[in-house]
Amino acid sequence: MWLIKRLLLLITLALTGCTPPVIVEMAVMPATPTTVKIKQLAGDTGSNPTTCNIPCSVKVEHGSNYQVNLDASDYYPVAIKFDWEMAWFTSGGNERTSLVIPLIQRKIVKDDLKKSQQ
């Protein structure tokens with residue numbers, strides 16, 4: 001039932017032109033110093049930085065979507081796409097939400113490392 005109410009609110013906001021932006025606060029787990037690259041894929045409001053150090057925030061306007069790429073040392077690279085609708089629904093209609101990006105550590109076996117150096 002709450003989903004139907006949220007959907008009706010979203011439709012009403014979209015029709016009246018009163019769709020608020022959502023601030024997405026990004027973090028990584030485990031906490032690691034990381035720089036993230038932000039690319040706007042759609043929408044005409046590009047007021048966000050193209051790179052930022054985690055933790056950082058992205059202002060997501062209605063109709064926009066983004067791709068976030070991060071490459072932390074000793075972890076596999078991550079690419080995530082998100083848009084205003086995802087941010088708005090996960091925020092519960094509030095002006096802020098969080099995006100915690102899980103990092104998977106690379107495991108280097110000593111024998112594999114020796115083979116790659118030969």
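Note that these values count all heavy atoms, side chains included, but never hydrogens, waters or copies made by symmetry.
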Problem - Spacing of CD1 belonging to Ile101 relative to CD1 belonging to Ile80, to within rounding of 0.5 Å - result: 4.0 Å
Problem - Cluster overlap Leu99 with Ile23, hydrophobic side-chain contacts below 4.5 Å - result: no
Problem - Sub-4.5 Å side-chain heavy-atom contact between Lys37 and Cys52 - result: no
Completion exercise
dist Thr34:OG1 -> Leu103:CG (nearest 0.5 Å) comes out at 6.0 Å
Problem - Heavy-atom closest pair, residues Trp84 and Pro20 - result: NE1-O, 2.8 Å
Exercise for the section: Measure the shortest side-chain to side-chain distance between Val100 and Val28 over non-hydrogen atoms and say whether it is less than 4.5 angstrom. Expected result: no
Exercise for the section: Taking the side chain as every heavy atom from C-beta outward, state whether Arg106 and Pro77 have any atom pair closer than 4.5 Å. Expected result: yes
Practice task
Evaluate side chain to side chain contact (heavy atoms under 4.5 Å, CB included) for Val22 paired with Thr97, printing each intermediate quantity in order.
Solution key: CA-CA 7 Å; Val22 177; Thr97 190; 4.0 Å; yes
Problem - Residue pair Ile104 / Tyr75, side-chain heavy-atom distance below 4.5 Å - result: no
Fill in the blank from the handout: CD (Gln105) and OG1 (Thr32) are apart, to the nearest 0.5 Å, by 8.5 Å
Problem - Atom pair OG1 (Thr35) and CG (Asn53), whose distance is rounded to the nearest 0.5 Å - result: 4.0 Å
Problem - Atom pair CD (Glu25) and OG (Ser98), whose distance is rounded to the nearest 0.5 Å - result: 5.0 Å
Problem - Donor-acceptor under 3.5 Å (Ser64 side chain, Val60 main chain) - result: no
Practice task
May I ask you to check whether over 12 heavy atoms, not counting those of Glu95, lie within 6.0 Å of atom CD?
Solution key: no
Handout entry: Heavy-atom check, side chain of Asp83 versus side chain of Tyr66, under 4.5 Å
Key = no
Practice task
Supply the atom-to-atom distance Leu70 CG to Met26 CE, rounded to the nearest 0.5 angstrom.
Solution key: 8.5 Å
Practice task
May I ask you to test the Phe82-Asn65 pair for a side-chain heavy-atom distance under 4.5 Å?
Solution key: no
Exercise for the section: Please tell me if the side chains of Ser57 and Val24 come closer than 4.5 Å, counting only heavy atoms from C-beta onward. Expected result: no
Problem - Test item: Gln67 and Gln40 side chains (from C-beta on) under 4.5 Å apart, heavy atoms - result: no
